[in-house]
There are 2 protein chains.
Amino acid sequence: MVPTSETHNWPDVSDCPVCSSISPENREAFFGGMMYKTKHYKKGDVIARQGDICKYLYILLKGAVKTEMVTETGGQLTIEVIKAQRPLASAFLFAENNRFPVDVITLEDSLVLMIPKDQVIELFQKDAAFMQRYITYNANKTQFLSHKLQVLTIKTIKGKLAHYILEQLSICHSFSPKINTFLMDKNQTELAKSFGVTRPALARTLAEIQQEGAIKAERNKITVLNKTLLQNMLS
Amino acid sequence: MVPTSETHNWPDVSDCPVCSSISPENREAFFGGMMYKTKHYKKGDVIARQGDICKYLYILLKGAVKTEMVTETGGQLTIEVIKAQRPLASAFLFAENNRFPVDVITLEDSLVLMIPKDQVIELFQKDAAFMQRYITYNANKTQFLSHKLQVLTIKTIKGKLAHYILEQLSICHSFSPKINTFLMDKNQTELAKSFGVTRPALARTLAEIQQEGAIKAERNKITVLNKTLLQNMLS
DNA sequence: ATGCAAGTGTAACAACTATCACACATTTTT
DNA sequence: AAAAATGTGTGATAGTTGTTACACTTGCAT
């Protein structure tokens, strides 16, 4: 940090997929003259509530958050966990009804960059690569939501669980096709919330699947014994 | 197919919200030199299947389509009905996993304009207003999907129906706050599919809500008698 | 070591919905 | 006008899940 006007600490967004066109060298060209702010949050803080108006592009610089919906029946549904660095609410900023459809709650101490909407539009014009990444990122979000919808329409808990286990298994297999054991990435309570079901019902079903010989479940460690059996549980 | 620029029939997209920057006069500037094609479909034809790769921006010029998912359990879930003129699959074109998450099926004889992805990107550069409308349109789609998710997490059929009726009622009220009667926009079978439940269960629940005095249901005509009662059914 | 908090296993019961089956009403076709 | 197709009302039964409650385990903090 020596030479000329360089002592300003521009936000480091080098790990954000939407901002990957912004190298450390041209950060100044990007952020210089732009209005923005950063904000710290502690673990458990609420960054935004369902219904809040979304005026900024939020970029999670450090930390992690979860987004969840409170359904009109009082139940909870966890949509996703987002770890730094990623944009938050990128899709809602430009919607005509620009309100958060979810609560955004920090899981760790976090740092958030906030860029006003009109500044984002300026960026689009300045930097076509940024714009295209933004569009792609939003498109991926839509795909993700569609997939979430599809999983939610699986009626039975057994079906949802089988789907989840097969999904996790295929992630493992992409590293090593031999391994049939994995650790669940969430505890039962969280998993139940992401399915929109109750925790006891989930535990019961997990035991059932085990009893039928498709898996072995030890605490949060799952071993798949019979993949075909699992696939049949989807239907 | 005649000499001067005058007689060429450029596609008429004047009713498409994403293309509203394209007035009849500058259609030539917009479409001239662009690669595109149009395609006719008959009622009931399949425009795209779940899993198909999405290479084009589809714009529904005439007709109407529905999009639906086949869940892994074999059940069906209707996502939405889209009437001309609107883009189809606008969000998926730019996703890294650019596959249709839904079946797209025509409800009437339809005409579809197809523009290759790279041409769309060129359009973004030529026409900033087009780009911004595109982003807004996709953002609205994401909002729509989020809302759909929330409705799907309403557990009971009674809750879903109450939500639906209140939604329809508020649409009526936006025209005239005095009217408490509306015609259902779908028949029971379609409504049941959009809820992801069975038709007999839906009919039964509708009768129940009537019995409790919240509504009067005559065939597909609903009269709301007690709004508060309906609101209580959500929880 | 002890106590506490969080996570997990499990049971009994009530509530809800799918499934299947069929009668009846309404609209469209012939 | 009759026949066919579509849409609606309703019943009985079985299966699945929510609810509530409690025992047990594990890891962590005091």
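We name chains A, B, ... by the order of the sequence lines, and we start the count at 1 in each one.
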Would you tabulate the nitrogen or oxygen pairs shorter than 3.5 Å linking the protein to nucleotides 24-30 of chain D?
none

Bounds of contact between DNA chain C and chain B, in 5' to 3' order, using a heavy-atom cut-off under 4.0 Å: dT17(C) to dT26(C)
Please give, in whole Å, the distance from [N] [atom2] to [X] [atom1]?
X: E218(B); N: dT8(D); atom1: CD; atom2: P; value: 14 Å
X: E190(B); N: dT8(D); atom1: CD; atom2: P; value: 10 Å
X: Q188(B); N: dT10(D); atom1: CD; atom2: C1'; value: 12 Å
X: K186(B); N: dG7(D); atom1: NZ; atom2: P; value: 15 Å
X: I209(A); N: dT16(D); atom1: CD1; atom2: P; value: 12 Å

Closest-nucleotide 5' rank along DNA chain C - winner of N187(A) and K158(B): N187(A)
Aromatic plane relationship, W10(B) with Y36(B) - under 30° parallel, 30 to 60° tilted, over 60° perpendicular: tilted
Ring geometry between H147(A) and H163(A) (parallel below 30°, tilted from 30 to 60°, perpendicular above 60°): tilted
Spacing of CD belonging to Q50(B) relative to CG belonging to D103(B), to within rounding of 0.5 Å: 5.5 Å
Atom NZ of K216(B) with >12 non-hydrogen neighbours under 6.0 angstrom: no
Single hit among L229(B), L230(B), L161(B) for side-chain contact (heavy atoms from CB on, under 4.5 Å) with I215(B): L230(B)
Sugar-phosphate, base or nothing in reach of I157(B), heavy atoms under 4.0 Å: sugar-phosphate
Test: E212(B) and K158(B) ion pair at under 4.0 Å: yes
Trace of the side chain to side chain donor-acceptor pair (under 3.5 Å) decision for N138(B) with S90(B): CA-CA 7 Å; N138(B) 280 356; S90(B) 56; 2.7 Å; yes
Taking every non-hydrogen atom, the tightest pair across Q85(A) and V13(A): OE1-C, 3.3 Å
Non-hydrogen atoms of L149(B) and M69(A) that approach each other most closely: CB-CE, 4.3 Å
Find every protein N or O atom lying less than 3.5 Å from an N or O atom of nucleotides 19-21 of chain D, and list the pairs.
from    : atom 1 : to      : atom 2 : distance (Å)
dT19(D) : O4     : R204(A) : NH2    : 3.2

From CA spacing to verdict: side-chain contact (heavy atoms from CB on, under 4.5 Å), F94(A), V120(A): CA-CA 10 Å; F94(A) 289 99; V120(A) 176; 4.0 Å; yes
side-chain contact (heavy atoms from CB on, under 4.5 Å) between L206(B) and L202(B), worked out: CA-CA 6 Å; L206(B) 193 63; L202(B) 185 74; 5.7 Å; no
